[in-house]
Protein chains: 2
Amino acid sequence: MIETSARLLALLSLLQMRREWTGTELAARLEVGPRTIRRDVDKLRSLGYPVEAAPGVAGGYRLGNGAELPPLLLDDQEAIAVAVGLRTAAAGQVEGIEENSVRALAKLEQILPTRLRRRVSALSHATSAFQLEGPRIDPDALATLAAACRDAQRVRFSYMTGDQRDTRRLLDPAAVVYSGYRWYLAGFDLDRDAWRTFRLDRITSAVRVEGRGQRRVVPGGDPAAYIQRQIRGRRNGGAGDGAGAEPPPGRIRLHADADTVRPRIPAYYGSVEADGAGYCIATTNGPWNRSFLVWAALLEVELEVLDPTELVDVAQATGTRLSAGASAGRAGG
Amino acid sequence: MIETSARLLALLSLLQMRREWTGTELAARLEVGPRTIRRDVDKLRSLGYPVEAAPGVAGGYRLGNGAELPPLLLDDQEAIAVAVGLRTAAAGQVEGIEENSVRALAKLEQILPTRLRRRVSALSHATSAFQLEGPRIDPDALATLAAACRDAQRVRFSYMTGDQRDTRRLLDPAAVVYSGYRWYLAGFDLDRDAWRTFRLDRITSAVRVEGRGQRRVVPGGDPAAYIQRQIRGRRNGGAGDGAGAEPPPGRIRLHADADTVRPRIPAYYGSVEADGAGYCIATTNGPWNRSFLVWAALLEVELEVLDPTELVDVAQATGTRLSAGASAGRAGG
DNA sequence: CGATTGCGGTCACTTCCTGACCTCAATTCG
DNA sequence: CGAATTGAGGTCAGGAAGTGACCGCAATCG
């Protein structure tokens with residue numbers, strides 16, 4: 001009964017679109033008798049989707065929230081909104097759900113009709129330009145890689161190593177992991193016949209899917225732990241492939257308690273530690289960046305830019321520019 | 001054939017989870033014969049969901065992307081990620097999809113199991129604290145109101161009018177609209193027996209749903225146009241209910257071409273207009289705020305803070321603080 | 001070439017879906 | 001309070017479909 005199944009889905013879709021439907025309305029929409037609607041409602045209930053019903057003149061059917069999540073039936077616009085929202089969340093703009101966002105995104109983009117996929121890509125590129133600083137990754141690449149990891153598909157891309165060499169890679173991807181600041185890809189490099197870790201923001205070409213690869217599990221089994229080890233080893237002078245000198249973190253001392261500052265710093269900017277009573281030191285998660293400086297300036301507390309010297313210079317320059325801008329405005333207006 | 005329908009959904013779920021499945025695997029998972037799997041695949045195809053198949057030793061079934069979007073089958077984690085992503089997108093952090101995000105959100109939150117709903121609420125409150133400035137709204141309220149509009153449900157809440165009076169409202173909500181900067185609610189106020197427009201950021205209590213209301217259509221029929229008129233009328237001195245003096249927009253003159261600046265300003269911050277060759281003026285969409293200033297400072301071009309004077313003062317103060325911070329850092333380090 | 005995998009026809013059996021009829025219960029509104 | 005509306009659910013008969021078992025065929029990979 002293909003028709004029955006289709007009708008059940010349609011019924012679910014209708015119930016998700018609007019809250020209240022009378023049996024007669026549903027019957028008209030689905031072109032069956034009201035008795036069949038009642039039976040279909042029973043079927044939905046037996047599938048675990050709680051359909052509430054109220055008798056009487058103000059009654060009707062309504063989809064409640066039960067123990068399990070029914071299939072989501074989205075229209076085009078909604079699907080685009082979901083995809084774009086997931087992409088920004090995955091990009092680290094919404095903390096704490098990055099990996100789950102990527103999983104959901106891989107699921108959604110796999111089944112997204114091509115016409116919608118184009119619009120999602122266009123929209124998310126348009127908005128991602130506003131990410132002030134920090135690692136900027138291509139959401140298309142992220143989605144593609146996540147799907148490739150899940151499906152054990154071989155991928156090919158160009159990669160900028162730490163010493164600025166552009167290299168070509170062919171690998172069996174194993175996992176995509178978010179470090180709290182950056183996205184990393186772990187995979188088995190087929191040309192080099194060894195495990196490698198890549199930073200997504202250093203992938204310089206579109207990621208091409210090459211078809212079925214071999215399913216690999218990172219050494220140790222836990223991708224997050226593996227990548228943590230890799231990053232740490234690299235920082236301690238390990239000349240790992242793709243490693244490279246990266247700017248040091250920025251540190252700013254703030255004249256305020258750590259507890260008052262901490263809730264006001266986005267986790268992807270950095271962390272805060274107390275430094276005596278009434279003072280604290282904020283450190284960026286990754287290399288120093290100007291957004292961090294600006295965030296600190298907006299706190300409206302006195303501050304000391306500790307290091308690196310580049311950050312001190314930028315603070316000086318930005319401060320001067322703002323002061324000059326203020327004076328110019330006063331003079332002009 | 002309730003079992004058949006359930007199996008079709010399960011099959012769809014499996015195909016969304018992983019890319020490649022052999023018929024035998026699927027048969028084992030679903031506890032039916034392989035022949036039935038083939039028939040089910042045919043059914044999915046006839047429903048418009050293109051299942052690709054490849055024969056041979058490396059073959060298998062795979063869900064392709066077709067003309068229409070199949071129902072999304074999410075697990076708990078993914079559903080949370082989707083909901084949180086939609087909430088931040090709806091809050092205006094991702095421009096251009098606010099209204100669609102809210103629609104999708106209303107759909108999702110309606111069917112979200114309670115245990116997940118709590119986690120979504122907690123997570124999105126935690127992250128929304130980082131929204132630097134601009135109108136801050138309660139994502140719970142937004143989702144509730146959007147659902148209430150869709151379902152013609154009466155709502156009750158407290159509202160802070162423009163002149164700082166806290167009032168209680170009972171209304172039939174009609175539409176929730178994003179102005180490009182703020183969320184507004186249009187509805188028929190039952191106590192005052194007239195149409196009213198509300199700013200979501202001025203709703204001071206949790207929104208309570210009071211049960212079935214009367215479905216209302218805003219005067220004129222187009223909610224967006226209606227609310228635009230209301231806002232404009234209010235700005236021009238109309239003493240509308242809930243109106244009030246709000247800070248003026250901020251304006252900054254930048255020493256750069258409008259075309260180079262424009263792609264670097266998030267639309268919810270403001271807009272850019274050319275001001276002679278090599279200069280442009282950026283204006284906030286809503287009242288001036290400090291994030292806007294910071295955004296301008298990050299552009300690394302010379303700037304003049306035009307008005308209001310408060311913004312000039314803040315620029316001066318921030319500039320001084322940064323310079324001082326730089327000097328302190330140099331001295332200390 | 002052989003192994004694996006999907007495709008699809010046929011047959012017989014079983015299942016259950018559907019519409020039509022009925023009565024009952026709950027709710028709203030005049 | 002009573003009429004109207006709406007959902008719940010039992011039963012029946014006819015028809016439609018799903019299912020598993022069997023078969024041979026075609027495509028792909030190594």
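Proteins come first, then strands; the chains are lettered A, B, ... in the order of their sequence lines, and each starts at number 1.
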Pairs under 3.5 Å (N/O, protein and nucleotides 8-14 of chain D):
| from | atom 1 | to | atom 2 | distance (Å) |
| --- | --- | --- | --- | --- |
| D:dA8 | OP1 | A:Arg45 | NH2 | 3.4 |
| D:dA8 | OP2 | A:Tyr61 | OH | 2.4 |
| D:dA8 | N7 | A:Arg38 | NE | 3.3 |
| D:dG9 | N7 | A:Arg38 | NE | 3.2 |
| D:dG9 | O6 | A:Arg38 | NH2 | 2.8 |
| D:dG10 | N7 | A:Arg35 | NH1 | 3.2 |
| D:dG10 | O6 | A:Arg35 | NH1 | 3.1 |
| D:dT11 | O4 | A:Arg35 | NH1 | 3.4 |

Which whole-number value in Å describes the distance from [X] [atom1] to [N] [atom2]?
| X | N | atom1 | atom2 | answer |
| --- | --- | --- | --- | --- |
| B:Ile2 | D:dT19 | CD1 | P | 12 Å |
| B:Glu3 | C:dT14 | CD | P | 17 Å |
| B:Asp40 | C:dC7 | CG | C1' | 15 Å |
| B:Lys43 | C:dG8 | NZ | C1' | 15 Å |

Closest-nucleotide 5' rank along DNA chain C - winner of A:Arg7 and A:Val57: A:Arg7
B:Tyr178 and B:Trp183 aromatic ring geometry - parallel, tilted or perpendicular at 30°/60° bounds: tilted
Geometric class of the B:Phe157/B:Phe198 ring pair [parallel <30°, tilted 30-60°, perpendicular >60°]: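 Answer is perpendicular, since the angle exceeds 60°.
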First of B:Ala54 and A:Thr22 reached from the 5' end of DNA chain D, by closest nucleotide: A:Thr22
B:Thr167 side chain vs B:Tyr159 backbone, donor-acceptor pair below 3.5 Å: yes
Presence of salt bridge, A:Asp76 and A:Arg115, under 4.0 angstrom: yes
Salt bridge present between A:Asp42 and A:Arg39 (N-O < 4.0 angstrom):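 Not counted as a salt bridge, because no side-chain N and carboxylate O are separated by less than 4.0 Å.
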Between B:Asp166 and B:Ser158, a side-chain donor and acceptor under 3.5 Å: no
